[in-house]
Amino acid sequence: MKALALFSGGLDSMLAMKLITSQGIEVKALNINIGFGSRSDKKDIMAKRAALVGASFEMIDVRNEYLQKVLFNPKFGYGKHYNPCIDCHAFMFKTALSMLESEKASFIITGEVLGQRPMSQRADAMAKVKSLASDEEDLILRPMCAKNLQPTKPERLGWVDREKLEGISGRSRKRQLELAKLFNLEDFESPGGGCLLTLESFAKKIKDFKEFSDSMQVSDSDLLKYGRHLRLPFKAKMIIGRNELENKLLQGFKNENFEEIKLFDLVGAYSLLSKDASKEDLELALKIALTYTKAQKDKHYELEFKGQRFKALAFEDKQSIQQYFV
C-alpha cells in the first residue's frame, strides 16, 4: 500500500505522514510548487524532513498551470489578501490525484487540521475542496483530524487503521508538539508562514502587476518576490535590490520585459526598469537608481540603459521617492 502526501515542510504534514508510515504504508511526499510558497529554494530541507518520517520526496512544478488556471480566476474567491486558498488546495489535490496511477499509490494524505485556518480548513471549505478536486472516490485522508470527519475510503476498506489517527481541531498546537516529542521530531517549519499570497505587501505587487499587464508568466511572478517595486508616473515598472543577495538574484533573472540600469564606478543597488519605459520615466528611474548608490548628491554620473549612455543626478534624499513605491 502506498499514499501520496501533500507536503508543505511544516510539522502538521510531517506528523500526518508519520501516522501513516507508522502503519507500514509507503508514503511519497509531494511539494506542489505553485511559485508562491517561499522566496527561497527549500527542496533539500524538505527532502530531509520527509526522510525523518520515513517518506520519499519529490517537488512538482505546476507554476505556469497555477497562474493560468487558479490565481486570477478562483471559483471560491480570495481570502484576506490575494490568496485563493480553497481553489489552491483543490488544485494541489487534483494534481496529486492525477498522479495516483503513475505512482502506483492508492490514496492522498494531508496535514490539514479542522478549524486551524479560517478559509480553507473549515468543514464546509473541505467539502468544497473535495468537490473541486473531483475526489469522487473519497481518497483524500486527513490523518491529523480524521476522527472529527466522516471515514474516508482508505479507512472504510481497512487500508488505514482509523483508531491510530488523530482527532485534533482548532488553532492550539499542544497535541502537535506532544506528537513531535513522541516521534523525536525537532526540525520542522514554524506554523503560519510560507505562502506569499497571504501577505498584504505581496498582494499589492500582484494587484499592481494585473493593473498594468494582461497576463503573468512564471518569470514575472518570480520577480515579484524580490526587491523594492516602484510604479513610475508614465506606467513603467522599476525594481531595486534591497541587499547584496537580492542584487545577485535579480541579476540572474531573465525577463524580456526589463533591462538593467548599469552603473559605472559606483557601488549601489541593482536596478531593473521596464524595457519600454518612456523618456520621462527613464529620466526619473536614472535619478532613483543613483539615489540607491553611494553617489554624491551634487555630482552628475554616467549610467547606461539599453546600450545608451545618460548622465543624471541623485535625489537629495529618498523621501521624494516614496510616492512611487507599490
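Note that the structure is predicted; figures quoted are calculated from it, not measured. This chain uses plain numbering: 1 for the first residue, then up along the sequence.
A side-chain N or O of Q116 and one of D12 form a donor-acceptor pair less than 3.5 Å apart.
In this structure, E283 pairs ionically with K279, as a charged nitrogen and a carboxylate oxygen lie closer than 4.0 Å. Using a cut-off of 4.0 Å between Lys/Arg side-chain N and Asp/Glu carboxylate O, E211 and K207 are scored as not salt-bridged. Under the 4.0 Å criterion applied to side-chain N and carboxylate O atoms, R49 and D187 are assigned as salt-bridge partners. A salt bridge links R309 and E304; the closest N-O separation between the charged side-chain nitrogens and carboxylate oxygens is under 4.0 Å. Electrostatic pairing of D135 and K130 counts as a salt bridge here, judged by a charged N lying under 4.0 Å from a carboxylate O. With salt bridges taken as basic N to acidic carboxylate O contacts below 4.0 Å, none links E178 and K181.
Under the side-chain hydrogen bond (donor to acceptor under 3.5 Å, both in side chains) criterion, R162 pairs with E155, not counting sequence neighbours. Residues satisfying the side-chain hydrogen bond (donor to acceptor under 3.5 Å, both in side chains) criterion with K306, sequence neighbours excluded, are absent altogether.
Rounded to the nearest 0.5 Å, atoms CE (M14) and CD (Q176) are 13.0 Å apart.
Heavy atoms of other residues, nucleotides or ligands lying less than 6.0 angstrom from NZ of K75 number 12 at most.
Panel note: side chain S274, backbone A277; no donor-acceptor pair is recorded below 3.5 Å.
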